[in-house]
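Convention: sequence-line order gives letters A, B, ...; per-chain numbering from 1.
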Amino acid sequence: MSVTVRIPTYLAGFAGGSSVLRIDSGPTNVREVLDALWQAHPALRDRIVDEQGQLRQHVNIFVGDEAVAWNEGLESKVYDGAEVLIVPAVSGG
Amino acid sequence: MPAVQHLSVKNGDVLLLVGTMKGAFFVRSDKSRKKWSVGGPYSAGSPVYALAYDGRAGRNRIWWATQSFRWGTFLKTTDDFGKTSTEPETYSVKFPEQSGLALKNIWQISAPASRPDKLYCGVEPACLFESSDNGATWTPVAGMLNHPHRPKWMPGGGGLCLHTIAPHPDDPQSTVIAISTAGCYRTDDGGATWEPKNKGIRAVFLPDQYPEFGQCVHKVARAAGQPDRMYLQNHWGLYRSDDGGESWNDIANGVPSDFGFPVVAHPQDPDTAYIIPVESDEYRCTPEGKLRVYRTRNAGESWEPMTSGLPQKNALETILRDSMATDMLDPAGIYFGTRSGKVYGSSNEGKSWDVVIEGLPPVVCVRAVVVGDGAGSTRSSGGAAKTKARGGTASTTTKMSAKSSAARNTKAAARKSSSKKDARRSR
């Protein structure tokens, strides 16, 4: 099973310049997708989750069209061919 | 994003490090401190609550903390005044997983001249981090991380932040820190243990108004050359300690309000300190619409408003706890930034003021440094500088400085301890 992860331009600078990353390690949920992501691109971890492994407050992850916040958080299931989207939330001031 | 402007800086220049809610700016002048040029913004779009200059061991390194709304809080450095800067792969200031804590913000960076191998960070949630390898790695100070009072500390309006780091310049084992809302703590064993040092400091918002800890201390400044003396601006209350924090005495003599955020100590004279009172903990603006810096030259026995060049009508300004600093020159330069995005400066110890820069985002941090002087942390509310002989680095003002120094000595000798607490406050 493989999934495609799309990350914003800012984060692509910490992933070899690519905004589209393929995970082929057979992840079954978002947490496993992220773990594979950290293995390949360690600099992404601190920017997406905090020390406790919690998704940063103003970062959203979608599996397809579904925000993980509305589902099971990082335990949300992924499926073969899924597109996982990591996006900055509307925030700031 | 705005185009970034870079500065050309040379040794001997005065540099202001200005943190705002939308990035950091570097502002330079020569020693006259009359004409200023601006570099930045750096980390544009992100709040920068903490900056520091590390001029030790021949470095010219500026540290700052970027609090990205999205991507977390991390430290950055530049060794060429912003032309290039670090972009860390992994963040260096992090709580251990087993602590259950996660970093929200870095409120203070300290590079003390007296401890050339140390760097410190004060963070939110309240903790002290230290580095012994020039900032390559950072660890939480265990005695602070595991402090038995931690479960009872409560966040103030700005969060549960450790905002003041005041190392003792002569005793490497002793450091005072301050937390909102927990109060002052002091270690005398290099950070292994920390004792609350809040005797005499009021907590108006608690049933017991003089608790062992839990005070909302806004800022502490250690006096130059007299390290057991400290000035403290509280959430209601202005205090001085002459015994390293063992006891605190009310010194709000003749100020329009004893509420405020910053306090800075003069870089040479232990009897001189500066504050900017604001009105009440609900309003938090300068009283009567007048922007007034108050200066004491007798360790708090009296305070005088320093207003020349500052607006005295319709100036509803707020100056936050780290938005005031002094340089190390003689006469001392005093600087402060407002939430309305202005930075004011005085090159004559507060006698007169000029706008250094305006139109910035809200200012949350100001630091001042003389580039290449080999010093560590810039003079700020929490700094700890050693006494420098008053030597007249600005020749045109030597006469004035000598005169004012003599006057201060006379006043200091005549100082009496007095208690006038009830007449002091305007609520």
Would you say [atom1] of [X] has more than 12 non-hydrogen atoms from neighbouring residues, nucleotides or ligands within 6.0 angstrom?
| X | atom1 | result |
| --- | --- | --- |
| B/D133 | CG | yes |
| B/K83 | NZ | yes |
| B/K104 | NZ | no |
| B/M154 | CE | no |
| A/R56 | CZ | yes |
| A/E83 | CD | yes |

### Query
Checking heavy atoms, do the side chain of A/L11, its backbone, both or neither come under 4.5 Å from chain B?
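Only the side chain of A/L11 comes within 4.5 Å of chain B.
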### Message
Ring-plane angle category for B/W71 and A/Y10, please: parallel below 30°, perpendicular beyond 60°, tilted otherwise.
### Response
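Parallel, since the angle between the ring planes stays under 30°.
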### Message
For A/Q57, is there any backbone N or O sitting under 3.5 Å from a side-chain donor or acceptor partner on B/R70?
### Response
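Absent.
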### Task
Mind checking the OG1-CH2 spacing from B/T90 to A/W38? Nearest 0.5 Å is all I need.
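That separation rounds to 13.0 Å.
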### Task
Any chance you could measure B/Q98, atom CD, to A/Q52, atom CD, to the nearest 0.5 Å?
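Here the rounded value is 9.0 Å.
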### Message
Need one label for B/P96: side chain, backbone, both or neither, based on atoms under 4.5 Å from any heavy atom in chain A.
### Response
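Only the backbone of B/P96 comes within 4.5 Å of chain A.
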#### Entry: chain A contact via B/L103 - side chain, backbone, both or neither, heavy atoms under 4.5 Å
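When you check distances to chain A, atoms from both the backbone and side chain of B/L103 fall under 4.5 Å.
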### Task
May I ask you to name which of B/S68, B/G45, B/P88 has the most heavy-atom pairs under 4.5 Å with chain A?
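Top count of heavy-atom pairs under 4.5 Å with chain A: B/P88.
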#### Entry: Heavy-atom closest contact (B/E89 atom, A/R47 atom, distance)
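Smallest heavy-atom distance, with atoms named: O-NH1, 2.8 Å.
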### Query
Do B/Y91 and A/E51 have side chains that get closer than 4.5 Å, going by heavy atoms?
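No - every pair of side-chain heavy atoms lies 4.5 Å or more apart.
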